[in-house]
Amino acid sequence: MNATKDKFLSIVAHDLKNPFNAVLGFTDLLIDRYDELEDSMRQEYIEIVHKSALHGSLLLDTLLTWSRSQMGVMEYNPIIINASQLIEEEMEVLEEKAYAKGISLELNEINASLVYADSDMIRTVVRNLGNNSIKFTEERGRIIFSVKAEEGKAIISVEDNGVGIRPEDKIKLFNLDSNYSRPGTSNEKGTGLGLILCKDFVEKNGGEIGVESKEGVGSKFWFTLPLRVNKIEKKSSTLERVEEECIV
């Protein structure tokens, strides 16, 4: 736990420093030389400040979510979820970002899957995996979300035809010690913590997470969740009978 805390603090100190340095540096230039700069240069500086602030905000949100999870203050509230419906809703959130790069988003529902999991955590996982695929897919690429039920579990995957991952880098993806991150195809920046957060949330919901990838071909991230179990159905029917008896 101490090692995790030390690593967490080092990430905060290092990764938050960069975007704030950019914001301070370019706002100083705008303040000191505003009248000397051409409109196009001012616009460029403002865009850099905005991107840096956006990156810092994203990193801060991810750090806060992950720290709450590690401290055990994030509530775990599993419910029965329609996996396909949840994915469709998250795809709508991702549409604008995908549209900006001309990337198509598709859903391949092999069979219907009702899962038992915490909805907020799983939404975070799907959104992170979708954002990563958009980030590392070239313009006019394709991303396929899939869900299927198999042997008592649902397998949810996000597959792209992007740049792929080198074999030596795959082992770094879910490891806090490596804090692996690289720029996207449009030079998008990341925090290096998104996949670590995904792994944490998936495991809290009794599932597993993994990746299949080939450099230059694309990547497929997948995770599993328990399907709705019989004892939950029995409990529900029992509650219904009790309610009926009470009414009578």
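A quick note: this is a predicted structure, and the numbers were derived from the prediction, not measured. Numbers for residues simply follow the sequence, beginning at 1. Computation of the quantities below employed the complete heavy-atom set of this structure, encompassing side-chain atoms and omitting hydrogens, waters and symmetry-equivalent molecules.
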(request) Of all the heavy-atom pairs spanning Leu129 and Cys198, show the shortest one and how long it is. (result) CD2-SG, 4.3 Å
(request) With rounding to the nearest 0.5 Å, note down the distance linking CG in Asp39 to CD in Glu44. (result) 13.0 Å
(request) Using modelled atom types only, decide if a donor and an acceptor are shared between the side chain of Asp200 and the backbone of Ile196 within a distance under 3.5 Å. (result) no
(message) Does the Lys NZ or Arg CZ of Arg123 fall within the cation-pi geometry relative to Phe201 - under 6.0 Å from the ring centre and within 45° of the axis?
(response) no
(message) Assess the residue pair Leu30 and Ile46 against the criterion (side chain to side chain contact (heavy atoms under 4.5 Å, CB included)); give the C-alpha distance rounded to whole Å, side-chain angles, the decisive distance to 0.1 Å, and a yes or no.
(response) CA-CA 9 Å; Leu30 286 167; Ile46 292 169; 4.1 Å; yes
(message) Do Phe223 and Val126 make a side-chain contact, defined as non-hydrogen atoms from C-beta onward lying under 4.5 Å apart?
(response) yes
(message) Starting from Trp222, can I reach Val211 by hopping between I/L/V/M/F/W/Y residues whose side chains sit under 4.5 Å apart?
(response) no
(request) Specify the closest pair of heavy atoms between Lys135 and Lys101, including all atoms of both residues, with the distance to one decimal. (result) O-NZ, 3.3 Å
(request) For the residue pair Ser146 and Lys220, confirm or rule out a side-chain donor-acceptor distance under 3.5 Å. (result) no
(message) For Lys97, is the NZ atom crowded, meaning more than 12 foreign heavy atoms sit under 6.0 Å from it?
(response) no
(request) With the side chain counted from C-beta on, respond yes when Val49 and Thr27 share a heavy-atom pair under 4.5 Å apart, and no when they do not. (result) yes
(message) Quick one: does any side-chain atom of Ser133 pair with a main-chain N or O of Gly130 as donor and acceptor, under 3.5 Å?
(response) no
(message) Same cluster or not: Ile209 versus Leu173, using hydrophobic residues (I, L, V, M, F, W, Y) connected whenever any side-chain heavy atoms lie under 4.5 Å apart?
(response) yes
(request) Following the transitive rule for hydrophobic clusters with a side-chain heavy-atom cut-off under 4.5 Å over Ile, Leu, Val, Met, Phe, Trp and Tyr, establish whether Ile156 and Ile79 coincide in one cluster. (result) yes
(request) Spell out, as yes or no, whether a donor-acceptor pair under 3.5 Å connects the side chain of Asp118 to the backbone of Asn77. (result) yes
(message) With a 6.0 Å cut-off (strictly less than), is the heavy-atom count around OH of Tyr99, excluding the residue itself, greater than 12?
(response) no
(message) Counting neighbours of CD on Glu151 that are heavy atoms of other residues, nucleotides or ligands and sit closer than 6.0 Å, is the number greater than 12?
(response) no
(message) Do Phe136 and Phe221 land in one hydrophobic cluster if side-chain heavy atoms of ILVMFWY residues count as linked below 4.5 Å?
(response) no
(message) One pair to check against salt bridge (charged side-chain N to carboxylate O under 4.0 Å, His left out): Arg42 and Glu38. What are the steps and the verdict?
(response) CA-CA 6 Å; Arg42 290 180 196 143; Glu38 296 181 359; over 6 Å; no
(request) Could you tell me whether the side chains of Ser84 and Glu109 share a donor-acceptor contact shorter than 3.5 Å? (result) yes
(message) Tell me the closest heavy-atom pair linking Ile81 and Ala117, and the distance in Å.
(response) CD1-O, 3.2 Å
(request) Identify the heavy atoms of Phe145 and Leu94 that sit nearest to each other, and give their distance. (result) CZ-CD1, 3.9 Å
(request) Measure from the side-chain N and O atoms of Thr137 to the backbone N and O of Asp160, and report whether any donor-acceptor pair falls under 3.5 Å. (result) no
(request) Rounded to the nearest 0.5 Å, what's the gap from CG on Leu107 to CD1 on Ile144? Could you check? (result) 10.0 Å
(message) If the threshold is 4.0 Å, N to carboxylate O, is there a salt bridge linking Arg166 and Asp169?
(response) yes
(message) What's the separation between atom OH in Tyr116 and atom CZ in Arg228, rounded to the nearest 0.5 Å?
(response) 12.0 Å
(message) Please find the pair of heavy atoms, one from Gly194 and one from Asn128, that lie closest to each other, and give the distance.
(response) CA-OD1, 3.6 Å
(request) Keeping to residues at least two apart or across chains, list the ring-ring contact (aromatic ring centres under 6.0 Å, His included) pairs with something in residues 19-40. (result) Phe26-Tyr45
(request) Kindly determine whether Phe174 and Val202 satisfy side chain to side chain contact (heavy atoms under 4.5 Å, CB included), including the steps that lead there. (result) CA-CA 12 Å; Phe174 303 103; Val202 168; over 6 Å; no
(request) Working to the nearest 0.5 Å, report the span between NZ of Lys153 and CG of Leu227. (result) 10.0 Å
(message) Quick check on the hydrophobic clustering: are Leu54 and Ile48 connected, directly or via other members, by side-chain heavy-atom contacts under 4.5 Å?
(response) no
(request) Taking Asn111 for its side chain and Ala149 for its backbone only, find out whether a donor-acceptor pair lies under 3.5 Å. (result) yes
(message) For Ile122 and Leu86: C-alpha separation, side-chain torsions, deciding distance, then whether side chain to side chain contact (heavy atoms under 4.5 Å, CB included) applies.
(response) CA-CA 9 Å; Ile122 303 310; Leu86 183 147; 4.2 Å; yes
(request) Go through Lys204 and Met121 one step at a time and tell me if the side chain to side chain contact (heavy atoms under 4.5 Å, CB included) criterion holds. (result) CA-CA 9 Å; Lys204 282 184 185 300; Met121 290 185 182; 4.0 Å; yes
(request) Output yes when a side-chain donor or acceptor of Asn205 lies under 3.5 Å from a complementary backbone atom of Gly207, and no otherwise. (result) no
(request) Could you pull out the closest heavy-atom pair between Ile103 and Arg142, with the gap in Å? (result) CG2-N, 4.2 Å
(request) Quick one: pull up CG in Asn132 and CD1 in Ile143 and give me the separation to the nearest 0.5 Å. (result) 10.0 Å
(message) Assess whether a salt bridge exists between Lys51 and Glu47, defined as any Lys/Arg side-chain N lying under 4.0 Å from an Asp/Glu carboxylate O.
(response) no
(request) Could you tell me the separation between the CD1 atom of Ile165 and the CD1 atom of Ile171, rounded to the nearest 0.5 Å? (result) 12.0 Å
